[in-house]
Protein chains: 2
Amino acid sequence: MNGRTVTIAQVAKHAGVAVSTVSYVLSGKRTISADTRRRVLDSISALGYHPNAGARALASKRSNVIALVLPLRAGVHVPVMMRFAGAVVTAARRFDHDVLLLTADEGAAGIRRVAASALVDALVLMDVEMDDRRVPLLRELAEPSVLIGFPAEPGGLTCVDLDFRAAGARCVEHLAERGHEEIALLGAPSVVYERGTGFARRTREGFVEAVEAHGLTGVALPCEETFDDVYETVRDLLLDHPGTSGLVVHNEAAVGHVLGALRQLDRRVPHDVAVVAICPDDVAERASPPLTSVLIPAEEVGREAVRLVMDKLEGRVVPHSTLLAPQLAIRAST
Amino acid sequence: MNGRTVTIAQVAKHAGVAVSTVSYVLSGKRTISADTRRRVLDSISALGYHPNAGARALASKRSNVIALVLPLRAGVHVPVMMRFAGAVVTAARRFDHDVLLLTADEGAAGIRRVAASALVDALVLMDVEMDDRRVPLLRELAEPSVLIGFPAEPGGLTCVDLDFRAAGARCVEHLAERGHEEIALLGAPSVVYERGTGFARRTREGFVEAVEAHGLTGVALPCEETFDDVYETVRDLLLDHPGTSGLVVHNEAAVGHVLGALRQLDRRVPHDVAVVAICPDDVAERASPPLTSVLIPAEEVGREAVRLVMDKLEGRVVPHSTLLAPQLAIRAST
DNA sequence: TGAGAGTGTCGAAGCGCTTCGACGACCGGC
DNA sequence: GCCGGTCGTCGAAGCGCTTCGACACTCTCA
């Protein structure tokens, strides 16, 4: 508790050793006798020393900060986003790193800026589009990066995500096991498909393939997020395909509205219509009735992304593509 | 486009000036002739120079980074949170600062760490509780900070928020103008009141005071976030107080459920029951029918918080308390 | 018993930037 | 025509840390 900030030199003096010795105690990069180590550690806590981040970054060429690039725009379900973000921060701390928050609307310029200024050692990007303009930049950057989601041309980049194709298929499979023969997918808002966001398309592909493989009939529809739109979509679906007895919903914001619409159309869940959702667990559990769902393992994806980026920082070779297997949780809706 | 990172020395050489001159061009802290400035600027863009953040922080004792401390836990509505976060990032960039993301679960230790290591120049904290354990720490820190929300004992700290008391009152006033005499407030989940979160309590106080002032009758109820709970709450409310014709909803997650419950109970909005919400604009607009609402001016609050913290960094004196006046947007639900 | 191989520690050289004091060059005023 | 003032620029001294090479020991084993 001295006047102002404590430096490594003060610690060294207090412990009666050289500055470099203190540094080596902290980094563990050279062997230090148990005795000296203890004295240094004692001085550190006695003085309340915290290494200066700037000085450390300057000397070591490592800032111990990673950038997290988040989208903040329409069609992206924000709570899911935050689950990822929370997981990334927590995981990064476990590797003794902090997280710098970048919004996607600063775009490529922001990424270039934080990388060139050595503000961050590495980057994690979320909500990557099929044809993402930042992808080429990432490729030429010296700093390692990991994408959450897959662009159309991952070429050399490291990507992690839930295996949405398998998730779509898993839902179909489950409905098939339950004996449903005519089913439908209610997906993301159409703007999301148009933008070419990967996860929405891949779920649809998995759905379509599995429908064929199991010899079912099925339609895949985009789905907006207001109650009225959802109501219309569901009503029209049941008019056009009256035999529909199973629904796959891949749209967190619409899940509640779908259930509301079914209630209003006098279809009971799961008696008249079975519903499987692809959404975070808490959304599925909070619904009425609680929904059978493939959970979006936000925490796991975030953690995995950080693990990969840290491995790359250490110079280890990591797989280009990491797909997390879908897990189906069976609840009251099927 | 040279081999690796470009330093200020290379820029100086390229422009034929001293290193310090380049620095002064960049910071504007000494007068530089137009001619020299142009040459330096040209060299900078020719070489693609970006100042090294670590070196700059070390020499200037300013990292140009502010910390944003976010909660990520139950009862906090995440999308609103993200709106704040986005606004803070955008505003900070406008002051040439970046944002380091800290989660509240690292608690006081995390704050102390980033402050002591000079990783950040200042802090913005969200979702402050009435009796927040981080408040005393903030007070003894050399780094300036701004709270979004009010603790019970702000003593000396700088706080910004929507004036929730006025917001609660404004809703009552609006319902009174429309001729409603028996009204109710559906608030946050009870856990939020128990934790002593300020905004929930203050809205309730404003509601209660205004009900008295206008000579109405009114009850204030906590409100959970699952459909079933909301349905029960609304049903019981209408049983116990059959004359209730106006509802104030201050719970973003429950807004949709409240409307669903009213539909199921055959009450038409606004014909049988008028509904005013306190929630972000997009939630109010997306509801069916679109809701009259006091908007939570997330962007404005975030921007204001950053402005205040920057003022404090510059050594300016700022007001301890900034309350943003509520704005009522009238839509179809009243 | 002495060469060789570790250990444990130290001193000093940067890392890339900001900032302070110094110093010509040029200005206007007397 | 000399003096005091800007104005514009420069050189050098750090900022607090990491890391490299050096060095004094202590073991080991031929």
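Atoms considered below: every heavy atom in the structure, side chains included; atoms not considered: hydrogens, waters and symmetry mates. Just so we're on the same page: letters track the sequence lines, and every chain starts at 1.
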Which is true for [X] with a 4.0 Å heavy-atom rule: it touches a base, it touches only sugar-phosphate, or it touches nothing?
{"X": "Ser33(B)", "answer": "sugar-phosphate"}
{"X": "Val17(A)", "answer": "sugar-phosphate"}
{"X": "Thr7(A)", "answer": "sugar-phosphate"}
{"X": "Thr31(A)", "answer": "base"}

What are the two closest heavy atoms between Lys312(A) and Pro144(A), and how far apart are they? CB-CB, 3.7 Å

Return the value, rounded to whole Å, for the distance between atom [atom1] of [X] and atom [atom2] of [N].
{"X": "Arg39(A)", "N": "dT9(C)", "atom1": "CZ", "atom2": "C1'", "result": "11 Å"}
{"X": "Lys13(A)", "N": "dC10(C)", "atom1": "NZ", "atom2": "P", "result": "15 Å"}
{"X": "Arg56(B)", "N": "dC17(D)", "atom1": "CZ", "atom2": "C1'", "result": "20 Å"}
{"X": "Gln10(A)", "N": "dC17(D)", "atom1": "CD", "atom2": "P", "result": "9 Å"}
{"X": "Asn52(B)", "N": "dT18(C)", "atom1": "CG", "atom2": "P", "result": "10 Å"}
{"X": "Asn64(B)", "N": "dG16(C)", "atom1": "CG", "atom2": "P", "result": "19 Å"}
{"X": "His50(B)", "N": "dC17(C)", "atom1": "NE2", "atom2": "P", "result": "12 Å"}
{"X": "Ile32(A)", "N": "dC10(C)", "atom1": "CD1", "atom2": "C1'", "result": "10 Å"}

Contacts of Val22(A) and Val19(B) projected onto DNA chain D by closest heavy atom; the upstream (5') one is Val19(B)

First of Lys61(B) and Ser27(A) reached from the 5' end of DNA chain D, by closest nucleotide: Lys61(B)

For a side chain to side chain contact (heavy atoms under 4.5 Å, CB included) with Ile148(B), tell me which candidate from Leu68(B), Leu70(B), Val124(B), Leu125(B) qualifies. Val124(B)

Phosphate OP1/OP2 of dT9(C): any Thr21(A) side-chain N/O under 4.0 Å: no

For Lys29(B) and dT19(C), is the shortest distance between a side-chain N/O and OP1 or OP2 below 4.0 Å? yes

For Asp96(A), is there any backbone N or O sitting under 3.5 Å from a side-chain donor or acceptor partner on Asn64(A)? yes

Checking Ser145(B) side chain against Leu123(B) main chain: does a donor-acceptor pair fall under 3.5 Å? no

Between Ser33(B) and Asp35(B), a side-chain donor and acceptor under 3.5 Å: no

Quick check: any donor-acceptor pair below 3.5 Å linking the side-chain of [X] to the base of [N]?
{"X": "Ser20(A)", "N": "dG11(C)", "value": "yes"}
{"X": "Tyr24(B)", "N": "dC7(D)", "value": "no"}
{"X": "Arg30(A)", "N": "dG21(D)", "value": "yes"}

